[in-house]
Amino acid sequence: MKDIVGGDCELMAMIKADAYGHGAVETAKALLNEDCNRFGVGEIREAVLLRDAGIKAEIFIMLGFEPELTPLIFDYNLTPVVFDIQTIKDIANEAELRGVEIGCHVKVDTGMNRLGFSVDQVKDVVELLGELNGVQFKGLLSHFPEADVTGSASSLEAIDKFSKLSNELRTNYNITCHLANSGGVLNFPEALFDMGRAGISLYGYHPAGNSAKQPHGDRTLIPAMSCKTKVIQLKRVEAGAGISYGHTYRPNQEETLAVLPIGYEDGFSRSLSNKGEVLIRGKRAPVRGRICMNLCMVDISHIEDVKVGDEVVLLGSQGEECITADEIAEKAGTISYEILCMFGHSNNKIYID
Ligand SMILES: *Cc1c(COP(=O)(O)O)cnc(C)c1O
């Protein structure tokens, strides 16, 4: 991603949501080793965890904060993204009280219809920032609704609005302008401005999912996360036997099932009941019946020599086979982002260099 944005453009690493399930502290450390020193999180709480772990890089708070938490922005030296007037005033008050200056980035809505000032409001906001002591206008940002789609009209429109606004403001202010998420960086070179904000691509997935071809020649996104468990019991079931809650699966002939100690509590979504697959001994084993809270059954009739204790891969590769978060997401009716969050948030993590 650094190569793609090139030397003139910085990258902020989005490590919100515990780094999309990968563990924010470990991810930040790994990215610091790659000279990435700007991080984005949603809430102050996430930034405090990073600071407590010794991360000194700039940390952006993307989602705002409740007024009473304003002092923490200063205590922890965080960079607020602002999208309402009251927050700006609160920050300015606190800055004056402390006799310090703080830089903030102004979020503008260019068509996502989510967080941000409207384009028309920005001039007034910038004026206000100029009038208030203690706060400085340091950056302008916006967010794409559809940058994962090559050539999408909404993206071109966002780029157009953002370019106009940033060009106007740049004549008077020394600001960092940033618009592109992973999709923006990969699909819209003209959206780079001063900085990209990469999330999913850093974890090895293309924002468009399986349908996306590798976008940039021989550069390949390599998934970072895998998820594994072990077989805890084997069992032979007769034709017609009802499997798991609701007996939603009945085999036509005798089957051998492996019982796995993983279920929706562990991020293996119940929506994968009778749909999901796992890897055992390098082969695909389909889920039989409903996925329970922390157990599920898979059919291993076609796999030889399976034993209790055998490694089971839910996400990642084993032998020649590989299950990606995109594949799981397609079956579960969601996107890789959610699959990574679900597996990551609910399981013990082991980091391998
Ligand atoms: C999450 C997020 C990103 C990163 O998006 P990806 O699609 O994961 O690259 C960028 N900007 C903002 C504001 C975000 O919330």
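Numbering of ligands and ligand atoms starts at 1, following listing order. Throughout, residue positions are numbered sequentially from 1 according to the sequence presented.
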Side-chain polar contacts of residues 53-71 - donor-acceptor pairs under 3.5 angstrom, sequence neighbours left out - could you list them?
from, atom 1, to, atom 2, distance (Å)
Glu58, OE1, Arg38, NE, 3.0
Glu58, OE1, Arg38, NH2, 3.4
Glu58, OE2, Thr79, OG1, 2.7
Thr70, OG1, Pro67, O, 2.5

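- Set against the non-hydrogen atoms of Ser182, the atoms of ligand 1 under 4.0 Å away are 6 (P), 9 (O).
- Ligand 1 has an N or O atom lying under 3.5 Å from an N or O atom of Tyr20, backbone or side chain.
- Looking only at distances, a side-chain donor or acceptor of Arg197 sits under 3.5 Å from a matching main-chain atom of His178.
- A salt bridge does not link Glu26 to Lys349: none of the charged side-chain nitrogens sits closer than 4.0 Å to a carboxylate oxygen.
- The distance from ligand 1 to the heavy atoms of Met14 drops below 4.0 Å at these ligand atoms: 2 (C), 3 (C), 4 (C), 10 (C), 14 (C).
- Polar contact check, Gly199 against ligand 1: a nitrogen or oxygen pair lies under 3.5 Å apart.
- With hydrogens and angles disregarded, a donor-acceptor distance shorter than 3.5 Å links the side chain of Ser301 to the backbone of Thr256.
- At a 3.5 angstrom cut-off on N or O pairs, Met62 does not count as close to ligand 1.
- Shown here is Met112, whose CE atom has more than 12 heavy atoms of other residues, nucleotides or ligands within 6.0 Å.
- Annotation: Asn174, atom CG; neighbour count of heavy atoms from other residues, nucleotides and ligands within 6.0 Å does not exceed 12.
- With respect to atom 7 (O) of ligand 1, the closest heavy atom belonging to the protein is Tyr337 OH, 2.7 Å.
- Between Asp75 and Arg98 there is a salt bridge, since at least one side-chain N of the basic residue sits less than 4.0 Å from a carboxylate O of the acidic one.
- In the vicinity of Lys16, heavy-atom distances shorter than 4.0 Å reach the ligand 1 atoms 1 (C), 2 (C), 3 (C), 14 (C), 15 (O).
- Geometrically, ligand 1 and Lys107 share no nitrogen or oxygen pair separated by less than 3.5 Å.
- Contacts between His143 and ligand 1, counted as non-hydrogen atom pairs separated by less than 4.0 Å, involve the side chain only.
- For atom 11 (N) of ligand 1, the closest non-hydrogen atom on the protein side is Arg197 NE, 2.9 Å.
- Residue Asp8 places its CG atom among 12 or fewer non-hydrogen atoms of other residues, nucleotides or ligands, all under 6.0 Å distant.
- The shell of residues lying under 4.0 angstrom from ligand 1, judged by heavy atoms, excludes Met12.
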